[in-house]
Asks: 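Sharing a structure below in structure tokens format, with a few things to ask.
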Amino acid sequence: MRENERVTSATRQPETPAADIPPRLIATDLDGTLLRDDKSVSPRTVAALAAAEEAGIEVFFVTGRPARWMDVVSDHVHGHGLAICGNGAAVVDLHGGPGAHRFVKVRELARENALDAVRLLREAAPGTVYAVEQTYGFYQEPDYPKLHMEIPDNLAPAEELLAEDGPGAAEPVLKILAYHPSIDPDAFLTLSRLAIGDRANVTRSSPSALLEISGPGVSKASTLALCCAERGISHEEVVAFGDMPNDVEMLTWAGQSYAMGNAHPDVIAAASGRTVANNDDGVAVVIERMLERR
């Protein structure tokens, strides 16, 4: 989940890894990857996704976005209609369209773990403020900045929001968001992982110091692996695309993976190949070449 900013780097031509095993599934991040900076899906990308589905290759959107933000691609789902949201915390059926999605799988963050993460991070990084993402609700602390262009369902300290009798007690917690106004984003991620340990999975997809904290072992990669196992698809048969640290595990897991031309350095190091930037239709470029080889 990103704000309306971007991480930039020089655009370069695609570097294509060896592809001995024909791909059966494409897993692509959205913001900074499939979507252009204006949050649109280009006509070229729409055509490439449709061509892949027509060729029998499943397409999965794998994003940090919550389900309610999936309207940007709801017109472009094919076949199964499933998307992995919240960095792996939920598998969502988008066939119903905006506002009518159905949760197929939920991998929640236990409230006890969430409270531990809040406590430990408050101690390690004073000044951190929090928001709580649930299946349908969004709650935040009063000092949490307006990063997401939406009105929270409730304002209260994180400890109250995460209490067993808190305002969203009827819904599972998918992740908590932790924001710090002054720490370097990468330093904040490293510090938080050391402080929280195995109580939760910590990552980031924003260019600011905004962390996304999910249940232990919950990531884009682990949920994608579950979805692939249900379909009899091996990791060698998956092609993945991404641009930010929350994509690293997925890119490492997939048989073929591509960092975007605008990707974070950790993503470039993790991927087996590189394509051009999101604004230059980097995902479509690779899909078109892949289909030509078939």
Asks: Checking T128 side chain against A125 main chain: does a donor-acceptor pair fall under 3.5 Å?
Replies: yes
Asks: Does either side chain, that of R107 or that of T223, offer a donor lying less than 3.5 Å from an acceptor on the other one?
Replies: yes
Asks: Do you see a donor-acceptor pair shorter than 3.5 Å between the side chains of T33 and N278?
Replies: no
Asks: State plainly whether one hydrophobic cluster holds both V118 and L109, where clusters connect Ile, Leu, Val, Met, Phe, Trp and Tyr through side-chain heavy atoms under 4.5 angstrom apart.
Replies: yes
Asks: With no hydrogens and no angle check, is any side-chain donor or acceptor of R24 less than 3.5 Å from a backbone partner on V238?
Replies: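 Side chain of R24 to backbone of V238: no pair is present.
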Asks: On a heavy-atom basis, which atom in T252 and which in A270 lie closest, and how many Å separate them?
Replies: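 Shortest heavy-atom separation between T252 and A270 comes out as OG1-CB, 3.7 Å.
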Asks: Check G127 against P181 and note the closest heavy-atom contact, atom names and distance.
Replies: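 For G127 versus P181, the nearest heavy atoms are O-CD, 3.8 Å.
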Asks: Hey, are K105 and E230 close enough for a salt bridge, meaning a charged N less than 4.0 Å from a carboxylate O?
Replies: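 Looking at E230 together with K105, the answer is yes, because their closest N to O distance falls below 4.0 Å.
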Asks: Can you check whether D37's main-chain N or O pairs, donor with acceptor, with N279's side chain at less than 3.5 Å?
Replies: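 Side chain of N279 to backbone of D37, a donor-acceptor pair under 3.5 Å: yes, one is there.
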Asks: If Ile, Leu, Val, Met, Phe, Trp and Tyr residues are connected whenever their side-chain heavy atoms lie under 4.5 Å apart, and connections chain through other members, are L174 and L161 in the same group?
Replies: no
Asks: Group every Ile, Leu, Val, Met, Phe, Trp and Tyr by side-chain heavy-atom contacts under 4.5 Å, then state whether V59 and V41 land in the same group.
Replies: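 Same hydrophobic cluster.
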Asks: Any chance the side chains of T135 and E171 put a donor and an acceptor closer than 3.5 Å?
Replies: yes
Asks: Run T275 and V283 through side-chain contact (heavy atoms from CB on, under 4.5 Å) and show every step you take.
Replies: CA-CA 7 Å; T275 185; V283 173; 5.8 Å; no
Asks: For the residue pair T28 and V239, establish whether any side-chain heavy-atom pair is separated by less than 4.5 Å.
Replies: no
Asks: Does V173 offer a backbone N or O that forms a donor-acceptor pair with the side chain of Q134 under 3.5 Å?
Replies: no
Asks: Membership question, hydrophobic clusters at under 4.5 Å side-chain separation (ILVMFWY): are V46 and F241 in the same one?
Replies: yes
Asks: Give a yes or no answer on whether the side chain of Y139 reaches the backbone of A156 with a donor-acceptor pair at less than 3.5 Å.
Replies: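 Such a contact is absent between Y139 side chain and A156 backbone.
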Asks: Between atom CE of M244 and atom CG of N87, what is the distance when rounded to the nearest 0.5 Å?
Replies: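 Those atoms lie 11.0 Å apart.
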Asks: Counting C-beta onward and ignoring hydrogens, is there a side-chain heavy-atom pair between M70 and C85 closer than 4.5 Å?
Replies: yes
Asks: Search all heavy atoms of I26 against all heavy atoms of M290 and return the closest pair with its distance.
Replies: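 Taking I26 first and M290 second, the nearest heavy atoms are CD1-CE, 3.6 Å.
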Asks: Check N201 against G215 and note the closest heavy-atom contact, atom names and distance.
Replies: CB-O, 3.5 Å
Asks: Give a yes or no on this: more than 12 heavy atoms of other residues, nucleotides or ligands lie within 6.0 Å of atom CD of E112.
Replies: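 Not more than 12 within 6.0 Å, no.
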Asks: Heavy atoms, side chains only, cut-off 4.5 Å: are K39 and D31 in contact?
Replies: yes
Asks: Any non-hydrogen side-chain atom of V276 less than 4.5 Å from a side-chain atom of M260?
Replies: no
Asks: Under 3.5 Å, is there a donor-acceptor pair between the side chain of R122 and the main chain of P126?
Replies: no
Asks: Answer yes if V91 and V218 sit in the same cluster of Ile, Leu, Val, Met, Phe, Trp and Tyr residues linked by side chain heavy atoms under 4.5 Å apart, and no otherwise.
Replies: no
Asks: For a 4.5 angstrom cut-off between non-hydrogen side-chain atoms, does E249 reach K220?
Replies: no
Asks: Using atom types as modelled and distance alone, determine if a side-chain donor or acceptor of S257 lies under 3.5 Å from a backbone N or O of S272.
Replies: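 Yes, S257 side chain to S272 backbone: donor-acceptor pair under 3.5 Å.
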Asks: Hey, could you give me the OG1/CG distance between T63 and D29, rounded to the nearest 0.5 Å?
Replies: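 With rounding to 0.5 Å, OG1 (T63) is 5.5 Å from CG (D29).
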Asks: How are the rings of Y144 and Y179 set relative to one another: parallel (under 30°), tilted (30 to 60°) or perpendicular (over 60°)?
Replies: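 Answer is perpendicular, since the angle exceeds 60°.
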Asks: May I have the step-by-step check of side-chain contact (heavy atoms from CB on, under 4.5 Å) for R65 and L35, ending in yes or no?
Replies: CA-CA 12 Å; R65 285 179 173 236; L35 304 180; 3.7 Å; yes
Asks: Below 4.0 angstrom, N of the basic side chain to O of the carboxylate: do E58 and R231 qualify?
Replies: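 So E58 pairs with R231 through a salt bridge.
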Asks: Measuring from atom CZ of R193 to atom OG1 of T203, what distance do you get when rounded to the nearest 0.5 angstrom?
Replies: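 Answer for the CZ-OG1 pair, R193 versus T203, is 5.0 Å.
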Asks: Under 3.5 Å, is there a donor on one side chain and an acceptor on the other for S42 and D281?
Replies: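 There is such a pair (donor and acceptor under 3.5 Å, judged by atom type) between the side chains of S42 and D281.
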Asks: Would you mind reporting whether P66 and F138 have side-chain heavy atoms less than 4.5 Å apart?
Replies: no
Asks: Heavy atoms only: give me the nearest K175-L177 pair and the separation to one decimal.
Replies: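 Shortest heavy-atom separation between K175 and L177 comes out as CE-CD2, 4.0 Å.
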Asks: Can you name the closest pair of heavy atoms from I196 and L120 and give their distance?
Replies: CA-CD1, 4.1 Å
Asks: State whether the number of non-hydrogen atoms from other residues, nucleotides or ligands found under 6.0 Å of E54 atom CD is greater than 12.
Replies: no
Asks: Looking at H95, is its backbone amide N or carbonyl O close enough to the side chain of D93 to form a donor-acceptor pair, meaning the two atoms are under 3.5 Å apart?
Replies: yes
Asks: Could you tell me if the ring centre of F103 sits under 6.0 Å from that of Y136?
Replies: yes
Asks: Given R36 and T45, is the side-chain contact (heavy atoms from CB on, under 4.5 Å) satisfied, shown in steps?
Replies: CA-CA 10 Å; R36 292 188 166 187; T45 297; over 6 Å; no
Asks: Kindly indicate, with the supporting measurements, whether the criterion salt bridge (Lys or Arg N to Asp or Glu O under 4.0 Å) is fulfilled by R119 and E159.
Replies: CA-CA 9 Å; R119 173 179 56 81; E159 291 81 357; over 6 Å; no
Asks: So does A50 get a backbone contact from the side chain of E53, meaning a donor-acceptor N/O pair under 3.5 Å?
Replies: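 No; judged by distance alone, with no hydrogens or angles, the pair does not exist.
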Asks: side-chain contact (heavy atoms from CB on, under 4.5 Å) between I84 and C227: does it pass, once the steps are laid out?
Replies: CA-CA 9 Å; I84 295 172; C227 292; 4.1 Å; yes
Asks: Is a side-chain donor-acceptor pair under 3.5 Å present for E212 with S205?
Replies: yes
Asks: When you measure from the side chain of E141 to the backbone of P157, do you find a donor-acceptor pair of N or O atoms at a distance under 3.5 Å?
Replies: no
Asks: Any luck finding a side-chain donor-acceptor pair between D247 and H264 under 3.5 Å?
Replies: no
Asks: Between R68 and E150 (salt bridge meaning N to carboxylate O under 4.0 Å), is one present in this structure?
Replies: yes
